[in-house]
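A short worksheet on the structure shown next.
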Amino acid sequence: MRVIIRKNAESACVTAARTIAALVHRKPNAVLGLATGGTPVNCYAELIRLHRQGKLDFSNVTTFNLDEYVGLPREHSQSFYSFMHDKFFNHVNVAPSRVHLPDGMASDLAKACDDYEQQITDAGGIDLQLLGIGSDGHIAFNEPGSSLASRTRVKTLCLETIRDNARFFGSEAAVPRLSVTMGVGSIMDARRCLLLVTGANKAAAVRSAIEGPITSQVTASALQMHRFATVVLDEGAASWLTRKADYQFAESSMPDPDELLG
Ligand code: GLP
């Protein structure tokens, strides 16, 4: 794992965005795996900024989102479909036909999950998967106990995640209990993974993911087994790392993340 620590959340988000932009420059028809949550909003804002400056063209890019709530219509303000359109898709030139999110309203959810996996395969696989982390160490909605070999499926949310996400729904009772999520195995198939985490409230989860044992109790820890996983943190998220000085020392002699994709 490559661990990059930035001074603040804004600069961590810019680093993540520049890494994505570098990939799209190199491979204009890249397949991007995208994530929701408060954390990547400024990463999307930077990508939009680059696009508006004429420096980034998404017209041949394909996207797959990690997850969606079950039972929320697309037009619901808290659906991940709405989130992605508000924060990103409506502001760049990704072709609507190349945008994919799991369908949490499908009448046959098991089939929709299998179809989603097939669509990713048909697109040639994901070149770069952007990820966040839940306070319980989850990636996408792969809650503690998720098989590290799991594929896209329906997953029950944990109580901690329901509590965390109540801020978007007004109350815990209003948070859906189920999601459709890419599995840990689906995520591990991406050619590159980019985990972006900001804020001291995630410091414990980050330490478990990077320095703890690989365990289904912290599904982000599976990234330790990925050949090309980069973690971009701000100082707060990095504050519990025991080897922080080593990561910073290693980073001082590494090329820019943009060059890594070269
Ligand atoms: C949800 C999403 C995850 C995301 C997490 C953290 O649980 N399913 O993909 O990483 O939220 O979100 P935030 O960035 O708001 O802390």
Side-chain angles (χ1 to χ4, degrees), residues 6 8-10 12-13 16-17 32-46 63-72 76-84 86-88 100-104 113 116 126 128-146 150 152-170 172 174-184 186-188 190 193-206 208-210 218-223 229-234 236-238:
R6 295 294 190 229
N8 53 43
E10 198 185 333
C13 288
L32 300 179
L34 299 179
T36 53
T39 311
V41 169
N42 281 333
C43 170
Y44 293 133
E46 174 67 7
T63 69
F64 287 92
N65 261 82
L66 287 168
D67 46 13
E68 180 58 282
Y69 291 110
V70 168
L72 284 196
H76 189 287
S77 62
Q78 295 309 324
S79 74
F80 289 164
Y81 180 95
S82 290
F83 174 95
M84 287 306 301
D86 289 351
K87 304 295 183 202
F88 187 50
H100 305 85
L101 285 100
D103 181 3
C113 291
Y116 200 65
I126 291 172
L128 186 150
Q129 178 65 59
L130 178 63
L131 295 161
I133 194 170
S135 56
D136 62 6
H138 71 224
I139 43 175
F141 271 135
N142 293 289
E143 297 285 34
S146 293
S150 51
T152 303
R153 70 210 183 288
V154 174
K155 190 79 191 82
T156 316
L157 302 192
C158 278
L159 295 171
E160 189 172 337
T161 300
I162 290 171
R163 275 195 296 273
D164 285 349
N165 290 0
R167 68 190 196 276
F168 299 117
F169 288 85
E172 284 181 26
V175 182
R177 269 39 187 167
L178 298 176
S179 66
V180 177
T181 180
M182 276 168 57
V184 182
S186 328
I187 292 167
M188 292 293 283
C193 286
L194 178 59
L195 175 62
L196 171 65
V197 194
T198 59
N201 59 323
K202 298 283 181 67
V206 165
S208 300
I210 297 176
V218 179
T219 53
S221 67
L223 295 171
T230 299
V231 186
V232 181
L233 307 169
D234 68 355

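Only this structure's heavy atoms are used, side chains among them; waters, hydrogens and symmetry mates stay out. Remember, it's 1-based here, ligands and their atoms both numbered in the order they're listed.
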Could you walk me through whether Phe169 and Tyr69 pass ring pair (Phe, Tyr, Trp, His ring centres under 6.0 Å), step by step?
-> CA-CA 12 Å; Phe169 288 85; Tyr69 291 110; 5.3 Å; yes

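Taking the side-chain contact (heavy atoms from CB on, under 4.5 Å) definition, one finds that Glu160 meets it with Ser135, Asp136, Arg163, Asp164, sequence neighbours left out. For Ser146, the side-chain hydrogen bond (donor to acceptor under 3.5 Å, both in side chains) criterion is met by Arg153, not counting sequence neighbours.
Without hydrogens or angle criteria, Glu143 side chain to Leu157 main chain gives no donor-acceptor distance under 3.5 Å.
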Write 'none' if nothing qualifies; otherwise put on separate lines each N/O atom of ligand 1 with a protein N/O atom under 3.5 Å away and their distance to 0.1 Å.
from	atom 1	to	atom 2	distance (Å)
ligand 1	7 (O)	His138	NE2	2.8
ligand 1	8 (N)	Asp67	OD2	2.7
ligand 1	8 (N)	Ala140	O	3.1
ligand 1	10 (O)	Ile133	N	3.3
ligand 1	14 (O)	Gly38	N	3.3
ligand 1	14 (O)	Thr39	N	2.9
ligand 1	14 (O)	Thr39	OG1	2.4
ligand 1	15 (O)	Gly38	N	2.7
ligand 1	15 (O)	Arg167	NH2	2.9
ligand 1	16 (O)	Lys202	NZ	2.6

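Applying the side chain to side chain donor-acceptor pair (under 3.5 Å) test to every pair with at least one member in residues 35-46, sequence neighbours left out, gives these pairs: Arg18-Glu46, Glu46-Arg49.
Taken to the nearest 0.5 Å, the CZ atom of Arg177 stands 7.5 Å off from the CD atom of Glu172.
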